[in-house]
Amino acid sequence: MARHAHGRPMTDDNHSTIDYSKTLYLPQTDFPMRAGLPEKEPVLVKRWQDMDLYRKLRESAAGRPKYVLHDGPPYANGNIHIGHALNKILKDVITRSFQMRGYDSNYVPGWDCHGLPIEWKIEEQYRAKGKNKDEVPVNEFRKECREFASHWITVQGGEFQRLGVIGDFKNPYTTMAFHAESRIAGELLKFAMSGQLYRGSKPVMWSVVERTALAEAEIEYQDYESDTIWVKFPVANLVVASVVDGQPAELNPDLSGRSLNLLDAHVVIWTTTPWTIPGNRAVSYSPRVAYGLYEVTAAENAFGPQPGEKLIFADALAEDSQAKAKITMKRLHGISAEQLANLVLSHPFKGLGGGYEFPVPMIAGDHVTDDAGTGFVHTAPSHGREDFDAWMDAAPGLRERGIDTVIPFTVDDAGFFTKDAPGFGPDRDGGPARVIDDNGKKGNANQSVIDELIKRNALFARGRLKHSYPHSWRSKKPVIFRNTPQWFVYMDKDLGDGTTLRSRALKAIDDTRFVPSAGQNRIRAMIEERPDWVLSRQRAWGVPIAVFADEDGNVLKDEAVNQRIMDAFKQEGADAWFAAGAKERFLGNHDASRWKQVTDILDVWFDSGSTHVFTLEDRPDLKWPADVYLEGSDQHRGWFHSSLLESCGTRGRAPYDTVVTHGFTMDEDGRKMSKSLGNTVVPQDVIKQSGADILRLWVVTTDYWEDQRLGKNVLQTNIDAYRKLRNTIRWMLGTLAHDDGAEVPVSEMPELERLMLHRLAELDEVVRQGYDAFEFKRITRALIDFMVVELSAFYFDIRKDALYCDAPSSVKRKASVQVVRHLFDCLVKWLAPMLPFTMEEAWLDRHPDAVSLHLDQFLQIPADWKNEALAEKWRKVRQVRRVVTGALEIARAQKVIGSSLEAVPVVTINDATLGSAISDIDMAEMAITSDLVIAHGHAPEGAFTLDDVKGVAVVVEKAEDRGLVKCARSWRYTADVGQDPAFPDVSARDAAVLHELKALGRL
RNA sequence: CCACGGAUAGCUCAGUUGGGAGAGCAUCAGACUUAUAAUCUGACUGUCGAAGGUUCGAUUCCUUCUCCAUUGGCCA
């Protein structure tokens, strides 16, 4: 309203009939100050999809060197969460940044489709319909899994594109495509043909609930209450080791005399898994622990150990142990490691169900400590990795002593005891006892074992213990170690060229660039330590281990068979393996009675570890190896790891040159986000409320190598920063509305313009280095600071006078418009990979006929833009300016002036360098004052100074007091207002401008 | 529990031969009304996670501790 009144021609005054604001080059733009991203972004997404921007990008980049970021496939089973958003935005920033820097940057999104979670969903649906999974033909089940995955691929693809991600969403890769399944099976066959694949028997983490073996990655530890028991193993006899340290051993008479004392003693073990007692085959001790023989002297209870019994304990644990059994003991004498090695025990269940007649040897193990228990470790090789290793290490010596080292299969896949556990298996009254039931609850196995131990007076004590115990990552139910036949890949087998899979992988890690670099040590440590690679899963939804094996686990090696399998998979998918008649179809002439078809499926990590094969290698738009893989740091154990092993096993090197990792997103207090805490940030909500570019701005300003924080406050900070940034762009657009494309040679530009070009040259390096190093926050920091501090508050503010008021012919104005054009082009393009929506919007506002900003390249900065000497000079100019603006602020606070144009600062300079720096500069223009007087000599009393700018003192005088008059057009106070009778209320400069405009017919 | 990482202003982050604690945003105040739900100017803000040590001097180097996250190891 006020503005309208101001602008209305005033007929009662003499010549003031002109609304001067209409004679100014004021910013003009439809680019709104308020973004409205939630409404605008979907329009741009549709525009990009309709024009097929991804294809246009490929066409425009044809022939350029390829840059390939290979997408780690998310699992296709739900809406995306903040982790997906972070991951995909980072990838998008990278692919776009390389595309705009001279590469053909292809991005093919992918999805991981096989595996347990989808199987579960389908099973869940079956249960809801009252169907039983086992009654459904396997290929019908697989079909439903496939459809489920397809659905979520569509959903997630839409969500990713809504984030602004540009990629080949029309032709993504999936691990369940027939082509992929064929290639995955083919890769497995490569391992088979090269002798790297073997069938082994190992205790693996087994989930009874899910009926499957689990990889280490699928295990998490949770608190769990276990039954603990102390079990007495009677000493059966003494042996003399036939060899000790490779030398025949002499029996020490003294040692044997004392040892004789042990014949009626018991060794006591402690375990938290009573059900593993039937699987016991040895007791481990440590040569580094001190042991003693103890005799019970008193017992509180009538049951359990009674006075006179002799028991062996680690000395450090004897006291704790007697307390558990409510007895007192006295120590008879110490027992040496040699003596322990000479003991042979018998199983506490000896004779039960006709079994357990075998001797139970003592074996030395480094895993034994005297921190807890009794100092003796019950060793059941089928139920623990350590137990298994200790047993296998001791096996050769045991076999020499005539001890059978075969590892029993005491528990079946449903958690029931087998015939290998006599008395507890099928021969038990009431049927086999069970360790864990279908719901993950404890079965009756522990109680059965404990009852039998009590019956045989073999239980020393019992209790309960809450401790962390392995659980399935998916079902959250406890798992057990269980000996099962599984398919493995050797880590340490010589591959015929002096290398092993492990040595190749370690070499590949050294050859890979890790960002941040700490990732290299992390994955190296994992590869150095890891056991052989377990590939088999006893599930349905996956690529089968498509091999035939004989009774002994030898794999059929016949290229013709392999080819038939791969061809069939390519045509029909991996379902072909499970179809009727598959065995005969693929075996051909081979003896079907000798070869057994393996029905296990591959661990899904093998699927995703093979994406480089069926995506990078097979697609002509990509290349192998990839330039970069980028995922969360948890993928050192997952995808980076499996891809590395797969590729090293089949191709001898990693499928990537660079690995970039990001941390995880926490809430504002640094806590993990979880639905139960209610502190999650849902990307869909942020997009709906603020826009994807806000989320993207957060991603690129954060230190994503570490964990990031996100919440209401953080989002608000980004919204504010975005607003600032957007307004700077808006002003440039408004200014460029008057851009007629005029070019002023750099040499003829004012210094201020050349300074801005110099800054662009500097920023160009920062931006390019930042994108090369994947350090986006360094770029955003530099650009935002530049836009706020150097453009908005300095350059633009100073240049408003020339840009708004100068004549069409003004070189200063032309040069400034040209520089604003360069600033706009550079900034909008530099920011385009990070804020694609906003920058596209700005670009289309300026070039309504343009196809897309994203088809453009970063500007090549001319060499003559850089001018360090000029920058050095202007650092001094700005120091002087700071003193002036400081002084103006004081004058303003004292109500001497309002606008800076009302002031004429008198600047006393006593510093030679500063004085010479400003000698040819129009400091009034720089300080946005109507005039500025430079004085020398002593500064007047009370002049304003700044501590850190020596030799500059400022006194602010009023322009009016100096006889200057305000120009009605430019609002500057000058001495020449009214000089031109045609325009008596404006300055000479403005009057001349008005004449020029009039001549051009624009007034 | 052990090893690697992190902790600097309300928020996001800089900060190396060991010497002055910084930027942007936010906040507050003022100005402008020709970027106007904008713009300009100024101000405030910190025991640099805690304690101890080395040193003339420590955010920086060392030790211990607390909290956070992550991966790996152990958990019989």
Side-chain angles (χ1 to χ4, degrees), chain A residues 2-3 6 20-21 24-27 29 33-34 216 221 228 269-273 276 283-284 365 367-369 371-380 383-384 386-387 390 465 467-470 516 518-519 521-523 525-526 529-530 632-634 636-637 661 663-664 666 668-672 697-698 701-703 705-709 711 713-724 727-728 730-735 777-778 780-781 784-785 787-789 792-794 796-797 800-801 803-805 885-886 888-890 892-893 895 897-902 928 948 969-971:
Chain A
R3 182 175 168 182
H6 170 82
Y20 287 120
S21 71
L24 300 172
Y25 287 105
L26 291 179
T29 178
M33 189 180 314
R34 303 193 66 194
E216 297 93 279
Y221 285 82
T228 62
I269 63 94
W270 176 69
T271 180
T272 56
T273 50
T276 60
V283 171
S284 298
H367 61 293
V368 181
T369 64
D371 296 338
T374 63
F376 291 106
V377 175
H378 148 63
T379 301
H383 299 301
E386 296 277 358
D387 295 30
L465 177 70
H467 62 145
S468 77
Y469 187 85
N521 292 330
R522 195 179 285 186
I523 194 169
M526 289 179 196
E529 307 268 316
R530 68 154 300 142
S633 56
D634 57 335
H636 286 112
R637 182 144 213 73
T661 54
F664 294 88
M666 305 292 140
E668 273 177 335
D669 303 321
R671 306 246 162 213
K672 220 181 213 173
L697 184 60
W698 166 71
T701 51
T702 198
D703 182 7
W705 295 344
E706 297 286 336
D707 291 344
Q708 329 83 41
R709 295 182 181 200
N713 274 323
V714 180
L715 277 172
Q716 191 54 48
T717 301
N718 281 287
I719 289 169
D720 292 334
Y722 173 86
R723 210 173 268 155
K724 198 101 182 164
N727 261 317
T728 303
R730 179 170 184 267
W731 185 85
M732 287 193 277
L733 278 169
T735 297
K777 72 170 194 281
R778 181 166 287 199
T780 48
R781 177 82 280 140
I784 290 173
D785 284 1
M787 290 169 85
V788 170
V789 177
S792 190
F794 177 68
F796 292 168
D797 209 28
K800 279 173 195 168
D801 178 70
L803 284 167
Y804 295 178
C805 304
T885 53
L888 290 174
E889 189 56 28
I890 302 296
R892 200 171 275 140
K895 304 294 178 193
I897 59 164
S899 162
S900 59
L901 286 174
E902 292 169 29
I928 319 181
D948 57 341
R969 183 168 180 270
S970 68
W971 298 350

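These numbers were taken from a predicted model, which means no experiment stands behind them.
Base pairing analysis places B/rU47 opposite nothing; no Watson-Crick or G-U wobble pair with both distances below 3.5 Å involves it. Pairing for B/rA9 is absent, with no Watson-Crick or G-U wobble pair whose two atom distances lie under 3.5 Å. Across all strands shown, B/rA76 has no partner, as no Watson-Crick or G-U wobble contact with both distances under 3.5 Å is found. A 3.5 Å limit on both hydrogen-bonding distances identifies B/rG53 as the Watson-Crick or G-U partner of B/rC61. Pairing for B/rA29 is with B/rU41, a Watson-Crick or G-U wobble pair whose two hydrogen-bonding atom distances lie under 3.5 Å.
Side-chain proximity of A/Asp720 to B/rA35, B/rC32, B/rC25: nearest is B/rC25. For A/Val789, taking side-chain heavy atoms from C-beta onward, the closest of the listed nucleotides B/rA76, B/rG24, B/rA38 is B/rG24. Closest to the side chain of A/Thr885, out of B/rG42, B/rA35, B/rG24, is B/rG42. Checked against B/rG24, B/rA35, B/rU71, the side chain of A/Arg522 finds its nearest nucleotide in B/rU71. Checked against B/rC40, B/rC32, B/rA76, the side chain of A/Trp270 finds its nearest nucleotide in B/rA76.
Counting to the nearest Å, the C1' atom of B/rC32 and the CG atom of A/Asp801 are 15 Å from each other. Taking atom CG on A/Asp797 and atom P on B/rA35, their separation rounds to 9 Å, with Å as the unit. Between A/Asn521 atom CG and B/rC4 atom P the separation is 12 Å, expressed in whole Å. Rounded to whole angstrom, the span from the CG atom of A/Leu733 across to the C1' atom of B/rA38 amounts to 15 Å. The CD-C1' distance, from A/Glu889 to B/rU39, rounds to 14 Å in whole Å. Between A/Ile928 atom CD1 and B/rC40 atom P the separation is 10 Å, expressed in whole Å. In this structure, CZ of A/Arg892 is placed 8 Å from C1' of B/rC32, rounded to the nearest angstrom. The interatomic distance linking A/Asp634 (CG) with B/rG5 (P) rounds to 20 Å, in whole Å.
Judged by distance alone with a 3.5 Å cut-off, a donor-acceptor contact links the side chain of A/Arg34 to the base of B/rA37. The base of B/rA76 does not come close enough to the side chain of A/Thr273 for any donor and acceptor atom to sit less than 3.5 Å apart.
A heavy-atom distance below 4.5 Å is found between the side chains of A/Trp698 and A/Val714.
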Full working for side-chain contact (heavy atoms from CB on, under 4.5 Å) between A/Leu733 and A/Arg730: CA-CA 5 Å; A/Leu733 278 169; A/Arg730 179 170 184 267; 5.6 Å; no
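One C1' atom belongs to B/rG15, the other to B/rG24, and the distance between them is 15 Å to the nearest Å. Annotation: B/rC68 and B/rG30 have their C1' atoms spaced 42 Å apart (nearest Å). When the C1' atom is compared between B/rA7 and B/rG46, the two are found 14 Å apart, to the nearest whole Å. With C1' as the reference atom, B/rA43 and B/rG6 are 33 Å apart, rounded to whole Å. Of the P atoms belonging to B/rU16 and B/rC56, the separation is 24 Å, rounded to the nearest Å. B/rU8 and B/rC61: their P atoms are spaced 16 Å apart (whole Å). B/rC74 and B/rG10: their P atoms are spaced 43 Å apart (whole Å). The same atom, P, is picked in B/rU60 and in B/rA50; the two are 10 Å apart, to the nearest Å.
Among the atoms of the strands shown, only primed sugar atoms or phosphate atoms (P, OP1, OP2) are found under 4.0 Å from some heavy atom of A/Gly898. Counting non-hydrogen atoms under 4.0 angstrom, A/Ile784 reaches the backbone sugars and phosphates but no base. Contacts of A/Asn727 with the nucleic acid, taken as non-hydrogen atoms under 4.0 Å apart, include base atoms. Using a 4.0 Å heavy-atom criterion, one finds that A/Ala893 contacts no nucleic acid atom at all.
Of the possible donor and acceptor atoms, one in the side chain of A/Thr701 sits under 3.5 Å from a partner among the backbone N and O of A/Leu697. With A/Glu668 contributing its side chain and A/Asn713 its backbone, the two residues share a donor-acceptor pair below 3.5 Å. A/Glu706 places no side-chain N or O within 3.5 Å of a backbone atom of A/Gly663 that could act as its donor or acceptor partner. The main-chain N or O of A/Gly898 is found under 3.5 Å from a side-chain atom of A/Arg892 such that the two form a donor-acceptor pair. Side-chain N or O atoms of A/Trp971 include none that pairs as donor or acceptor with a backbone N or O of A/Ser899 at under 3.5 Å.
The shortest distance between the side-chain N/O atoms of A/Ser792 and the OP1/OP2 oxygens of B/rC40 is below 4.0 Å. For the OP1/OP2 pair of B/rU70 and a distance below 4.0 Å, the side-chain nitrogens and oxygens of A/Lys672 include at least one atom meeting the criterion. Between A/Lys800 and B/rC40 there is no side-chain N or O to OP1 or OP2 distance below 4.0 Å. OP1 or OP2 of B/rU36 sits under 4.0 Å from a side-chain N or O of A/Arg730. Checking the phosphate oxygens (OP1, OP2) of B/rA35, a side-chain nitrogen or oxygen of A/Tyr804 falls inside 4.0 Å.
Between A/Glu902 and A/Gln716, the residue whose closest nucleotide on RNA chain B is further toward the 5' end is A/Gln716. Nearer the 5' end of RNA chain B, as judged by each residue's closest nucleotide, is the contact made by A/Val788, out of A/Val788 and A/Cys805.
No side-chain donor from either of A/Thr661 and A/His636 sits under 3.5 Å from a side-chain acceptor of the other.
Between A/Asp720 and A/Lys724 there is no salt bridge, since no side-chain nitrogen of the basic residue lies less than 4.0 Å from a carboxylate oxygen of the acidic one.
To the nearest 0.5 Å, atom CD of residue A/Glu889 and atom CD1 of residue A/Ile897 are 8.5 Å apart. The OG1 atom of A/Thr29 sits 12.5 Å away from the CH2 atom of A/Trp731 when rounded to the nearest 0.5 Å.
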Reading 5' to 3' through nucleotides 7-15 of chain B, protein heavy-atom contacts under 4.0 Å coded B for base, S for sugar-phosphate only, - for none: ----BBSS-
